Amino acid sequence: MNVLVINAGSSSLKFQLLDVDTREVYAKGNCERIGIDGSFVGYESIAVEGKQTIDAALPDHKTAMGYVIDIIDATGKDFIGIGHRVVQGGWYFPESKIVTDESLGWVREVAPLAPLHNYAEADAIEVCRELFPNKGNVVVADTSFHYAIPERAHRYALPRDVVDRLHIRKYGAHGTSHRYIWRATKQFLGDGVHKLVSCHLGSGASLCAIADGKNMDTTMGLTPLDGLIMGTRCGTIDPATVVYLQRVGGYTVDEVDTMMNKQSGLLAVSGISSDSRDIEQAADEGNEHAQMAIEMFAYRTAQLIMVMAQANEGIDTIAYSAGIGENSSRMRAEVAKKLAWMGVELDPELNAVRSDDIRLISTPKSAIKVLVVPTNEEYMIALDVAELLG
Ligand code: AMP
């Protein structure tokens, strides 16, 4: 059963055509710089050999979808429906839902919580409905999996009337990835996993506490700014810092927003880059700021793994995923060093293995199993589409 998965950003549109039964990917790519000079479509497909790039004027998402249709057509594969990654589902998507006029309206209604993403995603859904009138569309929100988090963890201790009026709560993000990580870990370890801390460590990073499949807590909050230190986001800071920056520092609301989301995190601490590869290299060359960026990232990760363990009231497994989690053996080793006091022990040889497969990297005597679990959000989205439309 084939599904087309669409992940639209404000200036990009990623797509993937895959078979949910075999997991075979027939075509995948990204339309980049939509609405900006120098736009292009990069893709791979079973219809052509190697990576392809089309220099294409992409004034809007509709034009980009035209290229996607041509690429999909060339594979000769039909598909049952389209799954759309939506960043913010708000209170309307505790699970994935088929797109109707009403549910499309919900994607826009909650957009003030994620203005950079939801409007573009809603536009992309609309384009797909227009271009494929006979195909069903499904919203798979990144927040859905977190909607089941217990109230003690998702409620903010602000006045109830304010919280209710503005729909303030912990929504989290990366929910589709954490859901996939639980599923893959369960398939891999069987009865060996009950209390998992899932670590999605990419340029955006979050942890999720999952007990027997139930989501107990996550580190991102109302927005993806909370929790871990990320590529360019500061993660958790004293909330009064926001007021202080404005009142004493003289920064405007927008400047503080930009500072905390785009100019902070690994980039700010290292002063070099938001990319952990550059930082690791600089640290090796003796750059102290780069070394501190790694130290802070690992410290906060280890600390919040413990916070998630408390949410689970126990921990038997840690799973690493996404760009840093899957690829940086150094960062995994740094975090493990900090958790050694509670019996976490990595096997250095297993930790050094590079592979696209799920794998165990802890020693047999480690108190907690540590895995690397390559995430696959597109597959998870496709599974939801197959379930709802298949
Ligand atoms: P993502 O957002 O999941 O694509 O992850 C991006 C992050 O993964 C960036 O900080 C990259 O530097 C990091 N990353 C990717 N490959 C490696 C690697 N081999 N070693 C260290 N970090 C990596």
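Just so you know, residue 1 is the first one in the sequence shown, and it goes up from there. Treat the numbers as computed from the prediction; the structure is a model and nothing was measured. When a ligand or atom number is given, it counts from 1 through the structure's own listing order.
- The distance criterion of under 3.5 Å between nitrogen or oxygen atoms is not met by Ala322 with respect to ligand 1.
- Salt bridge annotation for Lys186-Asp212: absent, with no cationic side-chain nitrogen under 4.0 angstrom from a carboxylate oxygen.
- For atom 14 (N) of ligand 1, a protein non-hydrogen atom is found at a distance below 4.0 Å.
- The nearest non-hydrogen atom to atom 5 (O) of ligand 1, considering only Ser321, Gly323, Ser328, comes from Gly323.
- In terms of protein heavy-atom proximity, atom 17 (C) of ligand 1 is nearest to Asn327 CB, 3.4 Å.
- The distance from ligand 1 to the heavy atoms of Ile324 drops below 4.0 Å at these ligand atoms: 7 (C), 8 (O), 10 (O), 13 (C).
- For the pair Arg183 and Phe188, the cation does not sit on the ring face, since its NZ or CZ is not both under 6.0 Å from the ring centre and inside 45° of the axis.
- In summary, the aromatic rings of Phe132 and Phe79 are positioned with their centroids under 6.0 Å apart.
- Here's the thing with Gly204: none of its N/O atoms is less than 3.5 angstrom from an N/O atom of ligand 1.
- Ion pair Lys77/Asp19 not flagged as a salt bridge, since none of the NZ, NE, NH1 or NH2 atoms sits closer than 4.0 Å to an Asp/Glu carboxylate oxygen.
- The distance criterion of under 3.5 Å between nitrogen or oxygen atoms is met by Ser203 with respect to ligand 1.
- Looking at every heavy atom in both residues, Thr143 comes nearest to Gly90 through OG1-N, 3.9 Å.
- Given atom 12 (O) of ligand 1, the protein heavy atom at minimum distance is Asp275 OD1, 2.3 Å.
- Any N or O atom pair closer than 3.5 Å counts here, and His200 shares no such pair with ligand 1.
- Among all heavy-atom pairs drawn from Ser203 and Met230, the shortest one is O-CB, 3.3 Å.
- Ion pairing between Glu126 and Arg129 fails under the 4.0 Å rule for side-chain N and carboxylate O.
- Using a 4.0 angstrom heavy-atom cutoff, Arg354 counts as in contact with ligand 1.
- The nearest heavy-atom contact from the protein to atom 10 (O) of ligand 1 is Ser276 N, 3.2 Å.
- Atoms of ligand 1 found under 4.0 Å from any heavy atom of Gly202, numbered from 1 in the order shown, are 1 (P), 2 (O), 3 (O), 5 (O).
- Of the protein's non-hydrogen atoms, the one nearest atom 20 (N) of ligand 1 is Arg277 CG, 3.7 Å.
- For Met230, no heavy-atom contact with ligand 1 is shorter than 4.0 Å.
- Put simply, the side chain of Asn287 reaches to within 4.5 Å of the side chain of Ile272, judged on heavy atoms.
- Between Asp284 and Arg330 a salt bridge is recorded (basic side-chain N to carboxylate O distance below 4.0 Å).
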